Amino acid sequence: MKIAGVSMTYNDGYKLKEWIDHFQIYKYQLYCFVIVDNGSSKEYRQQLRNAFPEAIIIERETNGGCTAAYNDGIKYVLSNTDADSIAIIANDIKPSERCLVSMYEYLFSTQDMGIVSSAILNRNSMIVDNYGHNVKGFIVKNSDIGKRIDAVDPKQKETLLVSGGFNLAKREFYEKTGLQDEKLFMYCDEIDTAYKAKKEGFKLGVIANEYAWHWHISPPEAIGIRHPESRYMISRNRVYLTRKHLGIWQAILCFFYSGILAPVKVYCIGIKKRDKGLRLNAKYGFIGAIYGIRGKMQPNKYSFPLKTESNQSK
């Protein structure tokens, strides 16, 4: 078993303690560990080196978002190691004790399995946030949401999409499907992965005999807040990926759903609750869909990374 772990970070001092604690759970299951820093401050980079002295740390000059950072880590593993699998591990993921081992066993149980994940639980609970996903066109729904993990059955299954922030892929998966689409910057990368896997004939899987918690650690000033820039990028990326993989007519339907129906619903709720934040999110969702249908993926005033650093982590 030769698992190369890849994580990314950007001025994440506010979650460093938890990250270090979670790393103790899975570090002995890793063949090597690569951390990609997305252009953080010198002070934070020194904290990072002190916290993970045995890690290979790649220091980017600019913030390329999740996709560019993960790509740097994946490329390093493919070019410089003989690892047989690559784990994407978001730095706010806490896996159960044997999670990576069980994922590895399932991944290599069949030749055509390309990438697997685990059930993701709500923080500090045994309640499932997702155990795989159902995908129909551009609509993605979490499976088994709200169930207790001990009630989930079967404990291993094929799925149509795996979690973007915690998954394990065979080396050949990236060699054949390619790297992540850096136009996305962040959000919806798992949708792109799912369609590329299908095109190359790979199966996707998920396990529930082991699992992971997604802690969703936010900076103190942003707790409980969904930044409108996030809504812009989710809406933009969903429409863009629909056009990329399913064609213009499906993209138009996605635009209608993500750029009109959903924002109108959110805007009306914002009016009823007198919530300016919801109304702003609705506006950004509409604008994001417009940019997505046009394929305009460059950073702008509505998106990351032109905003403040507290908005940059996923």
Side-chain angles (χ1 to χ4, degrees), residues 65-67 120 129-130 132-143 145-146 159-165 180-199 214 216 218 222 224-308 311-314:
C66 295
T67 50
I120 303 297
D129 178 69
N130 70 77
H133 302 75
N134 295 313
V135 181
K136 187 175 182 180
F138 54 83
I139 304 296
V140 177
K141 293 184 178 180
N142 294 1
S143 297
I145 186 170
T159 184
L160 296 176
L161 181 146
V162 298
S163 299
Q180 296 191 16
D181 188 337
E182 296 187 9
K183 291 181 181 179
L184 299 175
F185 190 80
M186 61 191 298
Y187 301 120
C188 303
D189 47 281
E190 65 274 9
I191 298 175
D192 191 44
T193 297
Y195 278 108
K196 290 191 297 183
K198 182 178 179 180
K199 181 180 178 181
H214 192 178
H216 292 288
S218 300
I225 298 173
R226 167 68 82 178
H227 289 283
E229 295 88 349
S230 298
R231 180 52 51 194
Y232 165 85
M233 299 189 77
I234 291 170
S235 181
R236 181 199 69 177
N237 292 353
R238 191 175 295 275
V239 176
Y240 162 76
L241 288 173
T242 301
R243 182 167 185 175
K244 175 181 176 179
H245 292 290
L246 301 177
I248 185 61
W249 293 112
Q250 283 291 315
I252 291 172
L253 289 176
C254 184
F255 171 83
F256 183 73
Y257 177 84
S258 299
I260 298 178
L261 288 183
V264 166
K265 181 179 179 180
V266 171
Y267 195 85
C268 290
I269 294 173
I271 292 176
K272 184 177 181 180
K273 293 185 175 182
R274 298 182 179 180
D275 188 323
K276 292 182 180 179
L278 286 176
R279 298 199 298 271
L280 187 61
N281 269 270
K283 173 185 174 182
Y284 271 57
F286 171 69
I287 295 171
I290 291 175
Y291 276 78
I293 197 74
R294 296 173 62 199
K296 300 292 185 179
M297 305 296 286
Q298 297 83 1
N300 57 51
K301 64 181 181 180
Y302 302 107
S303 70
F304 307 132
L306 299 185
K307 302 295 179 178
T308 61
N311 297 343
Q312 304 283 332
S313 63
K314 184 176 178 181

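Heads up: numbering here begins at 1 and tracks the sequence. Predicted model, so just to flag it, every value in this text is computed and none were measured.
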* Asked: Where do Tyr291 and Tyr232 land on the ring pair (Phe, Tyr, Trp, His ring centres under 6.0 Å) test, with the steps shown first?
  -> CA-CA 9 Å; Tyr291 276 78; Tyr232 165 85; 5.7 Å; yes
* Criterion side-chain contact (heavy atoms from CB on, under 4.5 Å) on Asn130 and Ser163, from CA distance to verdict -> CA-CA 9 Å; Asn130 70 77; Ser163 299; 3.5 Å; yes
* To do: Please lay out, stage by stage, how Val140 and Asn134 fare under the test side-chain contact (heavy atoms from CB on, under 4.5 Å).
  => CA-CA 6 Å; Val140 177; Asn134 295 313; over 6 Å; no
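At distances below 3.5 Å, at least one donor-acceptor pair connects side-chain atoms of Thr193 with backbone N or O atoms of Asp189. Without hydrogens or angle criteria, Asn237 side chain to Met186 main chain gives a donor-acceptor distance under 3.5 Å.
Taking both residues in full, the closest heavy atoms of Asn142 and His133 are given as OD1-CD2, 3.1 Å, listed atom of the first, atom of the second, then distance. Of all the heavy atoms in Leu241 and Ile191, the pair that sits closest is CD1-CB, 4.1 Å. Closest approach of Arg236 and Lys183 over heavy atoms only: NH2-O, 3.3 Å. Nearest approach of Ala289 to Ser235, heavy atoms of both residues: N-OG, 3.3 Å. Nearest heavy-atom pair, Ser258 versus Arg238, reported as atom, atom and distance to 0.1 Å: OG-CD, 3.5 Å. Smallest separation of non-hydrogen atoms from Tyr187 and Ser230: OH-OG, 3.0 Å.
With a 4.5 Å cut-off on side-chain heavy atoms, Phe256 and Leu261 count as touching. Using a 4.5 Å heavy-atom cutoff, the side chains of Met233 and Ser303 are in contact.
No more than 12 heavy-atom neighbours from other residues, nucleotides or ligands sit within 6.0 angstrom of NZ on Lys283. More than 12 heavy-atom neighbours from other residues, nucleotides or ligands sit within 6.0 angstrom of CZ on Phe255.
The distance from atom CH2 of Trp249 to atom OG1 of Thr242, rounded to the nearest 0.5 Å, is 15.0 Å. Annotation: the span from Leu184 atom CG to Glu190 atom CD amounts to 9.5 Å, rounded to 0.5 Å. Of the inter-residue distances, the one linking Arg231 atom CZ with Leu280 atom CG reads 12.0 Å to the nearest 0.5 angstrom. Going from atom CG of Leu160 over to atom NZ of Lys136 covers 12.0 Å, rounded to the nearest 0.5 Å. Atoms CG and CD, from Asn300 and Glu229 in turn, are 10.0 Å apart once rounded to the nearest 0.5 Å.
Between the side chains of Asp192 and His245, a donor-acceptor pair is found at a separation under 3.5 Å. Under 3.5 Å, the side chains of Asp181 and Tyr240 contain a donor-acceptor pair of N or O atoms.
Ring geometry for Tyr257 versus Phe138: interplanar angle of 30 to 60°, hence tilted.
Using a 4.0 Å cut-off between charged side-chain N and carboxylate O, Arg279 and Asp275 make no salt bridge.
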